[in-house]
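Throughout, a chain's letter reflects where its sequence line sits, starting with A, and its residues are numbered from 1.
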Amino acid sequence: MNYDFREIEAKWQKYWAENETFKASNDSDKPKFYALSMFPYPSGAGLHVGHPLGYIATDIYSRYKRHKGFNVLHPMGYDSFGLPAEQYAIQTGQHPAITTENNINRYREQLDQLGFSFDWSREVRTSNPQYYKWTQWIFIQLFNAWYNKKSDKAENISSLISIFEKEGNANIEAACDDDTPSFDAATWNAYSEKEKQEILLKYRLTYLADTEVNWCPALGTVLANDEIVNGVSERGGHPVVRKKMTQWSMRITAYAQRLLDGLNKIDWPQPLKDSQTNWIGRSVGASVTFDVISNESEKSQDTIEVFTTRPDTIFGVSFMTLAPEHELVAKITTPEQKTEVDAYVEATAKRSERDRMADVKTISGVFTGAYAEHPFTKEPIPIWIGDYVLASYGTGAVMAVPCGDQRDYDFAKHYNIDIPNIFEGVDISEEAFADKETTVITNSDFLNGLSYKDAMKKIIAELEKMGHGEGKVNYRLRDAVFSRQRYWGEPFPVYYVDGMPQMIDLEHLPLQLPEVEKYLPTETGEPPLGNATEWAWDVKQCTVVNNQLIDHKTVFPLELNTMPGWAGSSQYFNRYMDPRNDDAIFSPEAINYWQDVDLYIGGSEHATGHLLYSRFWQKFMFDMGYVPKDEFAQKLINQGMITGTSAFVYRELDSNKVYSKGLIEGRNVVPIHADVSLVNASDELDVEAFKQWQPEYKDAEFILEDGKYIVGREVEKMSKSKYNVVNPDAICEEYGADSLRLYEMFLGPLEQSKPWNTAGITGVHSFLKKLWKLYLTIEDKEPTADNLKTLHKTIKKVEEDIENFSFNTSVSTFMICVNELTSQKCTSKAVLEPLAILVSPYAPHIAEELWSRLGNTASIAEAPFPKFEEKYLVESSKEYPISFNGKMRFKLELPLDMSKEDIEAAVLSHEKTKEQLQGRDPKKVIVVPGKIVNIVG
RNA sequence: GCCUUGGUGGCGGAAUUGGUAGACGCGCUGGAUUCAAAAUCCAGUUCCUUCGGGAGUGAGGGUUCGAUUCCCUCCCAAGGUACCA
């Protein structure tokens, strides 16, 4: 009987599907376990071998937890809104829904053949109206909420309105727009409905505002900061410019501190936590107000507010710098400086963000001619503008302390500005001194002699007393722009009355995407939904009607933007708990049962996107009482990337010769990617196949070495253009899903990135064949002591490995176990039965088959995990390594119960010891019973 | 620059609290079986060696009876981030 993996795998995949083996119940006496893999975007290219890595890991853990007696939820779905389907639609006219459906079917086929224990009855698709109904619902909840800093949580907007009605907004501490006016109750009550709505918009957690956005002309859409890499769009690498637009934004900044604090209580990888911490970018300091000295006779009211992390260095200020975009620039510039300043401002505006970032070394700036008054010394301080100050951070203005900040120092040197030294005993003739811990302040009036810490406290107290500033915490995190000018995304449940946004009631949701002729922006520059003819809201009938019926009385225009990619993924993990519920995003029973994700596995590329936004929405849902936990995933693991091993041929420049790798030395050759499927395990290229694949080489002369063409190899990211993509289908066909699963795990530690090399799969495949052979004869006889020892050390190791996510080492443990049992000629059912369970999380198909051959009728999935028993591992003797000066020289078998003294005597009297010592007396003998003996001499 | 994670044979990678470095697998070498091949099985495989042994985990130093593991300095790679005041 041979190991017929094709038949076995098909048989059990069918069995699991028919018996709904992995269907999770929302009600169980067992403890719950929620294991989740990040759901994929179903791209047209299908899966390559890198994609399943994380899914396999989650699957192993899920299956293990099931063996351990847990009620396991292990769902899968699709993040199915996105740009590629839309761009395909633009090119071909095919509806993105069709493309998406096709891609999903292809994904499902590929996933199914890998034998995952997904509960497919809970599948979600973000582009499905029954799903996005609840994405729209969350949006409305955010619209109807404000952030109360006093209670430090989000509250319903009605509580804000009732405060406004009673006392205005003087006592409110809220996360709101900077330009929110102050008003008392009488003023509020006198506002028109529209004015009230305008004010409320400044408080809502999702709000409409004119924001400077990252506009990508090539894609015709706005991008979030995390969708831009090195100044160009992440998708496609198109240039991005700054542009002012009216956009929906999410007030994530309200949660900055809680997003930071929450990191302490979740078990997520340190690098991921660090990048979220950096992204949030908390800095502690003070805001300080400087009065602008009027150069006219009348008193100037202008003030410049700066944020500084070093208010203690305020006596070192010798100039101020404003961002060229700062609103005061035009106002304070003196007539003499106007030409120069205008020219500089214009030149800066022309430079793209990218140029400005790339060019950090050039120092540039212009003096405005204006001065500010130092709040303590009352000295005039020249005000400059310079593009090293960014309008988007802090207040867009800095107090420059050249002795303590290198950029200020360089600027001062360049423009010959005074550099006063306020640090005791520090030389600043060459560079600024930024180390705040190792010196004391001097030349600073009442701060003299104080350390950084004490000076900070004192200066902030003083500033607050004078009304010239206060202690402040600043965050780099910006509110998240939530509008996209795309077709293939969630429509906003919003229509406009008199220019003010109105929400559509839940009972009328989902608001479904309209059909459009074209998926491009309209000729007037409106988003693709502007092409829809049926896209107006009738408030009487509560339905979508034709645009021509818009009368602004009962029929109103609908929002034309759609939501960004992260909208659908920010609560999907909770929706899995109750995915078919049409009355609520999930029932209270479901969320109270499942609580949160126990294990979340996915790529690290989502660190500052999906994983930050999801935490934000979860905290909001928590504040509103919808979810019991304010962090959605207790443990998170980033699986490493599987890289490809590209192959190269070497074509000589100016000739038609292609040289084998060993012959390129000294020749002027260019490496050219060869498809990896044309190369065998020994790096030999199938030259004929290559010529067929690239006909332009059909007349080329291939110069061989030893009769073979050897390719060069290099590890690169897997990508179509590098011809190094390895597809799991072919591997499943040749070796089976169990081999692929084992091999992906065997490759190396889960979190590490590692190169793929298909050749190695024969190792795990022949392991499975050996495992199969072990079960050809099964007898009901007593296992030997050796059998039990092998089994129990395997149980122990595999259990530890799974708990530590060290899946690679358990694959070797299985190999050792099977090798040992084979040489022991083990046929005992009492050993082979538990072994099948151990293997089952990793190689579930073969395990099920062996399990049924052992006479079991139920699936192995629910079989209890074997119990490790120490007694089978107890040894009576130990082969001691005998080392001399720390180097192991020989081994000596001694009883484990031998005393230290006896061990020492036995070792010292051994002839090899004498040989090693060559007559010297040992200076010292270290005996660690059960471990080692070390002789110093 | 800063933060994070790494650096071990030809390759992927093992090594519990410091205690036999190189498990397991690939590849390679030799052999068995075969008409032959595939498959399978057996033996060997860190490097150097005068075959006694010696060296060795990115480099250098330190702590220790003993360091891949702990400490210091440096180098290299990957990822994140950046005129962030």
Fill in the blank from the handout: Scanning all shown strands, the Watson-Crick or wobble mate of B/A39 with both distances under 3.5 Å is none

Practice task
Please work out if A/Lys924 contacts a base, only the sugar-phosphate, or nothing of the nucleic acid, heavy-atom cut-off 4.0 Å.
Solution key: sugar-phosphate

Practice task
Please check the phosphate of B/A85 (OP1 and OP2 only) for any side-chain N or O of A/Ser283 closer than 4.0 Å.
Solution key: yes

Problem - Which nucleotide in B/U40, B/A21, B/G13 has an atom nearest any side-chain atom of A/Met888 - result: B/A21

Problem - SB check A/Glu733 A/Arg6 (cutoff 4.0 Å) - result: yes

Completion exercise
Considering only heavy side-chain atoms of A/Lys770, the closest of B/C41, B/U4, B/A85 is B/C41

Practice task
Please work out if A/Lys887 contacts a base, only the sugar-phosphate, or nothing of the nucleic acid, heavy-atom cut-off 4.0 Å.
Solution key: base

Practice task
Please state the C1' separation for the pair B/U49 and B/A38 - nearest whole angstrom.
Solution key: 40 Å

Practice task
With heavy atoms under 4.0 Å as the rule, sort A/Arg282 into base, sugar-phosphate or nothing.
Solution key: nothing

Handout entry: A/Asn934 CG to B/C65 P, straight-line distance once rounded to whole Å
Key = 10 Å

Exercise for the section: Rounded to whole angstrom, note down the C1' distance from B/A15 over to B/G9. Expected result: 15 Å

Handout entry: Validation row: A/Arg282, A/Leu260 side chains within 4.5 angstrom (heavy atoms)
Key = yes

Fill in the blank from the handout: Mate of B/G66 across any strand shown (Watson-Crick or G-U wobble, both atom pairs under 3.5 Å) is none

Practice task
Return the 5'-most residue of the pair A/Pro271, A/Gly760 with respect to RNA chain B, ranking by each residue's nearest nucleotide.
Solution key: A/Pro271

Exercise for the section: Between B/A82 and B/U73, how far apart are the P atoms? Round to whole Å, please. Expected result: 28 Å

Practice task
Rounded to whole angstrom, note down the C1' distance from B/U63 over to B/G18.
Solution key: 12 Å

Handout entry: Separation of the P atoms in B/A59 and B/U50, to the nearest angstrom
Key = 26 Å

Exercise for the section: For B/G56, decide between syn and anti, treating a glycosidic angle within 90° of 0 as syn. Expected result: anti

Fill in the blank from the handout: Of the listed B/G80, B/G13, B/C84, the closest approach to the A/Leu390 side chain comes from B/C84

Exercise for the section: Please determine if a side-chain N or O atom of A/Asn819 lies less than 4.0 Å away from the OP1 or OP2 oxygen of B/G25. Expected result: yes

Practice task
With heavy atoms under 4.0 Å as the rule, sort A/Ser766 into base, sugar-phosphate or nothing.
Solution key: sugar-phosphate

Handout entry: Distance between P atoms of B/A67 and B/A32 (Å, rounded)
Key = 46 Å

Problem - A/Asp274, nearest nucleotide to its side chain (from B/U4, B/G19, B/C84) - result: B/U4

Practice task
Give a yes or no on whether the backbone of A/Gly930 and the side-chain of A/Tyr880 come within a donor-acceptor separation of less than 3.5 Å.
Solution key: yes

Exercise for the section: Provide, to the nearest angstrom, the distance between the CG atom belonging to A/Leu873 and the P atom belonging to B/U16. Expected result: 17 Å

Completion exercise
In whole angstroms, the gap separating P of B/A85 from CG of A/Asp410 amounts to 16 Å

Practice task
With C1' as the reference atom in both, quote the distance from B/U8 to B/A55 in angstrom, rounded to an integer.
Solution key: 15 Å

Problem - Nucleotide opposite B/U81 in a Watson-Crick or G-U pair, distances under 3.5 Å - result: B/G1

Handout entry: Pairwise distance CG(A/Leu747) to CZ(A/Phe807) - rounded to 0.5 angstrom
Key = 14.5 Å

Completion exercise
By nearest-nucleotide position on RNA chain B, the 5'-leaning member of A/Tyr743 and A/Pro881 is A/Pro881

Problem - Pair of N/O donor and acceptor under 3.5 Å linking B/U16 base with A/Lys796 side chain - result: no

Handout entry: Side-chain N or O of A/Gln406 closer than 4.0 Å to phosphate OP1/OP2 of B/C83
Key = no

Exercise for the section: Return the value, rounded to whole Å, for the distance between atom CG of A/Leu263 and atom P of B/C3. Expected result: 19 Å

Practice task
Compare the minimum distances between each of B/C24, B/U20, B/G19 and the side chain of A/Lys891, then state the nucleotide with the smallest one.
Solution key: B/U20

Exercise for the section: For A/Asp408, report the nucleic acid contact type (base, sugar-phosphate, nothing); a contact means any heavy atom under 4.0 Å. Expected result: nothing

Problem - Pairing partner (Watson-Crick or G-U wobble, both distances under 3.5 angstrom) of B/A21 - result: none

Exercise for the section: Tell which nucleotide pairs with B/U16, taking only Watson-Crick or G-U wobble pairs whose two distances are both under 3.5 angstrom. Expected result: none

Exercise for the section: Select one nucleotide: of B/A85, B/U20, B/G13, the one nearest the side-chain heavy atoms of A/Val398. Expected result: B/A85

Fill in the blank from the handout: Winner on side-chain proximity to A/Val389, out of B/A39, B/G13, B/A85, is B/A85

Practice task
Determine the Euclidean distance between corresponding P atoms of B/U68 and B/G58; express it in Å to zero decimal places.
Solution key: 9 Å

Problem - Considering all heavy atoms, the nearest A/Val927-A/Glu904 contact - result: CG2-CB, 4.1 Å

Handout entry: Shortest side-chain distance from A/Leu747, nucleotide among B/G12, B/G25, B/A14
Key = B/G12

Practice task
Would you mind reporting whether A/Phe433 and A/Cys403 have side-chain heavy atoms less than 4.5 Å apart?
Solution key: no

Handout entry: Strand partner of B/C26, provided both Watson-Crick or wobble distances fall under 3.5 Å
Key = B/G10

Problem - Spacing of A/Lys931 atom NZ relative to B/G18 atom P, expressed in whole Å - result: 10 Å

Handout entry: Euclidean distance, A/Leu477 CG relative to A/Gln257 CD, rounded to 0.5 Å
Key = 11.5 Å

Completion exercise
With the side chain defined as heavy atoms from C-beta on, A/Ser812 is closest, among B/A85, B/A23, B/A14, to B/A23

Completion exercise
Separation between NZ (A/Lys770) and SG (A/Cys817), nearest 0.5 Å, reads 12.5 Å

Practice task
Output yes when at least one side-chain N/O atom of A/Arg889 is less than 4.0 Å from OP1 or OP2 of B/G53, else no.
Solution key: no

Practice task
Would you classify A/Pro749 as touching base, sugar-phosphate or nothing, given that sugar-phosphate means primed atoms plus P, OP1 and OP2, and contacts are heavy atoms under 4.0 Å?
Solution key: sugar-phosphate

Exercise for the section: Measure from the side chain of A/Thr762, starting at C-beta and using heavy atoms only, and say which of B/G13, B/U40, B/G27 lies closest. Expected result: B/G27

Handout entry: Between B/U4 (P) and A/Gln270 (CD): distance, integer Å
Key = 8 Å

Handout entry: Separation of atom NE2 in A/His765 from atom C1' in B/A38, rounded to whole Å
Key = 13 Å

Exercise for the section: Answer yes or no: is there a donor N or O on one side and an acceptor on the other, between the side chain of A/Arg407 and the main chain of A/Tyr388, under 3.5 Å? Expected result: no

Problem - Basic-acidic side-chain contact under 4.0 Å: A/Lys796, A/Glu800 - result: yes

Handout entry: Partner nucleotide, any strand, of B/C51 [Watson-Crick/G-U, under 3.5 Å]
Key = none

Practice task
In whole angstrom, give the distance that lies between atom CG of A/Asn808 and atom P of B/G12.
Solution key: 14 Å

Practice task
Describe the nucleic acid contact of A/Glu800 in one word from base, sugar-phosphate, nothing, applying a heavy-atom distance below 4.0 Å.
Solution key: nothing

Exercise for the section: Assign A/Asn474 to base, sugar-phosphate, or nothing according to its heavy-atom contacts below 4.0 angstrom with the strands shown. Expected result: nothing

Exercise for the section: May I ask which nucleotide in the shown strands pairs with B/U34, Watson-Crick or G-U wobble, both distances under 3.5 Å? Expected result: none

Exercise for the section: Please work out whether B/G52 sits syn or anti, treating a glycosidic angle within 90° of 0 as syn. Expected result: syn

